[in-house]
There are 2 protein chains.
Amino acid sequence: MNSKEASILLDTLNTFHKLSFEEFTEFLNACNYQTFKKKEHLLISGEYHRGIYFIISGSVGLYELIDGKEMYQDFYLPGTFAHELKSLTTQQQSDKNLIALSATNVYYLDRQKLLNLYEKSPVYERLGRNLLEHLLTQQHELSSALQSLKPEERYQYLQEKNPEFLQSIPLTYLASYLGLARETLSRIRAKK
Amino acid sequence: MNSKEASILLDTLNTFHKLSFEEFTEFLNACNYQTFKKKEHLLISGEYHRGIYFIISGSVGLYELIDGKEMYQDFYLPGTFAHELKSLTTQQQSDKNLIALSATNVYYLDRQKLLNLYEKSPVYERLGRNLLEHLLTQQHELSSALQSLKPEERYQYLQEKNPEFLQSIPLTYLASYLGLARETLSRIRAKK
DNA sequence: TTGATTTTGTGATTTTCATCACAAAAATGA
DNA sequence: TCATTTTTGTGATGAAAATCACAAAATCAA
């Protein structure tokens with residue numbers, strides 16, 4: 001167990017709820033270390049979504065095939081949990097995909113093991129609730145922004161809120177994430 | 001205490017986690033019954049957001065003033081909790097507004113009382129987490145749809161997912177919610 | 001290293017939607 | 001009820017972005 005890799009997980013969890021050493025160890029023991037090559041899928045539509053992926057390094061995209069086009073709906077960078085909440089909670093077949101956009105290392109946490117943690121101690125429940133509050137706030141803010149801002153403003157918004165995206169995610173994917181044609185985003189970026 | 005009004009709350013809570021009679025009573029006792037006239041504000045930007053509003057009857061809109069225009073970001077109908085999560089969790093001044101779009105009755109639950117419930121029993125924590133999972137799933141799905149669909153498709157999407165919105169919310173507000181000009185939405189609706 | 005593939009850039013054209021302007025209809029409240 | 005305010009409808013116009021087409025650049029894999 002690499003301590004530097006574990007510490008990014010610890011830091012992240014502590015943001016949402018402080019864990020004792022024992023609790024963190026318990027959490028970590030429930031995880032499996034996994035690696036994915038660039039363009040390798042973590043989840044394919046039609047499959048069952050069996051657990052969440054804590055990103056240690058690399059990047060993961062969430063997309064859905066709509067009219068044959070890959071529409072990106074989210075990106076996960078180190079320190080976040082890649083997931084597709086709907087199929088994770090309902091345990092129905094996913095209609096979305098998770099794909100590594102670069103070589104990626106993760107801690108995989110099986111859904112059932114997560115549920116076990118929830119049962120074991122309210123501490124994890126609290127942590128989960130706080131994490132969800134954070135994600136929902138972010139998601140709401142983002143979607144409000146995308147809906148009310150013009151294309152150029154959306155780019156600027158992303159520059160302020162998620163500058164890492166602009167560095168690490170190819171423009172093609174960002175375009176669908178922002179609801180723009182690839183060419184439009186390319187022209188916006190060229191202006192600056 | 002009106003039992004019909006209480007039962008809509010009970011039904012809603014039970015969707016997310018079954019409560020015993022005692023637990024539900026405890027929850028209900030933490031609430032205050034309140035009424036709002038049409039166009040009355042439940043929260044004004046600049047204020048502190050002190051608690052959440054469970055809608056018994058009526059309708060509430062969440063909007064933000066952007067360039068002097070009211071941009072609607074959410075609507076709350078009976079059986080849902082009207083809130084603005086960011087200011088609720090951070091306890092900073094809200095930059096959004098909650099307004100009754102029609103005569104509205106609510107159970108108001110003070111934030112501190114909610115936190116007390118969380119402390120009292122993990123049952124509430126579990127309920128809160130499940131509710132948040134549900135909200136985040138919905139929010140993510142909505143924002144993905146708005147971003148990838150064309151205006152007409154957005155209207156159809158709403159027709160399928162939230163037909164109540166189309167009945168009870170004025171077109172003007174729906175337009176900003178869908179990220180369209182009012183005139184465009186009017187024309188889309190005329191076509192059908 | 002080099003050929004192949006993927007990603008990005010850029011012009012020309014078309015389509016769509018926002019904007020403006022005003023009329024009609026509906027809702028409100030005294 | 002009736003005047004006032006709010007909401008909705010509809011045409012004309014212009015601006016912005018999507019689409020199409022292709023070239024350039026970057027990345028990848030053997």
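None of these values were measured; they are calculated from a predicted model. Order of the sequence lines fixes the chain letters, A, B, ..., with proteins taken first and strands second; residue numbering starts at 1 for each chain.
Under a 3.5 Å cut-off, the side chain of B:Arg154 and the backbone N or O of B:Leu146 do form a donor-acceptor pair. Using modelled atom types, no side-chain atom of A:Gln93 and backbone atom of A:Asp95 make a donor-acceptor pair closer than 3.5 Å.
With hydrogens and angles left out, the side-chain atoms of A:Ser176 and A:Glu70 include no donor and acceptor closer than 3.5 Å.
Under 4.0 angstrom from either OP1 or OP2 of C:dT28 there lies at least one side-chain N or O belonging to B:Lys38.
The stretch residues 169-186 of chain A comes close to DNA chain C through A:Pro170, A:Leu171, A:Thr172, A:Tyr173, A:Arg182, A:Glu183, A:Ser186, each having a heavy atom under 4.0 Å from the strand.
By the 4.5 Å side-chain criterion applied to Ile, Leu, Val, Met, Phe, Trp and Tyr, A:Ile66 is assigned to a cluster that also includes A:Met71. Other residues sharing a hydrophobic cluster with B:Phe21 under the 4.5 Å side-chain heavy-atom criterion for ILVMFWY residues do not exist; the residue is a singleton.
Note: CD (A:Glu153) to P (C:dA18) measures 14 Å, nearest angstrom. Whole-Å rounding puts the B:Glu152 CD to C:dA18 P distance at 12 Å.
Shown here are the ring pair (Phe, Tyr, Trp, His ring centres under 6.0 Å) partners of B:Phe54, two or more places apart in sequence or in another chain: B:Phe81.
Across the helix from C:dT1-D:dA30 to C:dA30-D:dT1, the helix axis at one end is tilted relative to the axis at the other end by 60° (nearest 10 degrees, each axis from five pairs).
With a cutoff of under 4.0 Å to any heavy atom of chain A, the contacted region of DNA chain D is bounded 5' to 3' by D:dA17 to D:dC28.
Taking the six-membered ring for Trp and the full ring otherwise, B:Tyr63 and B:Tyr72 have centroids separated by under 6.0 Å. Checked against a 6.0 Å centroid threshold, the rings of A:Tyr124 and A:His17 do not count as neighbours.
B:Glu133 and B:Arg129 are joined by a salt bridge, as a carboxylate oxygen and a charged side-chain nitrogen come within less than 4.0 angstrom of each other.
Here the shortest heavy-atom pairing between B:Leu158 and B:Leu174 reads CD2-CD2, 4.0 Å.
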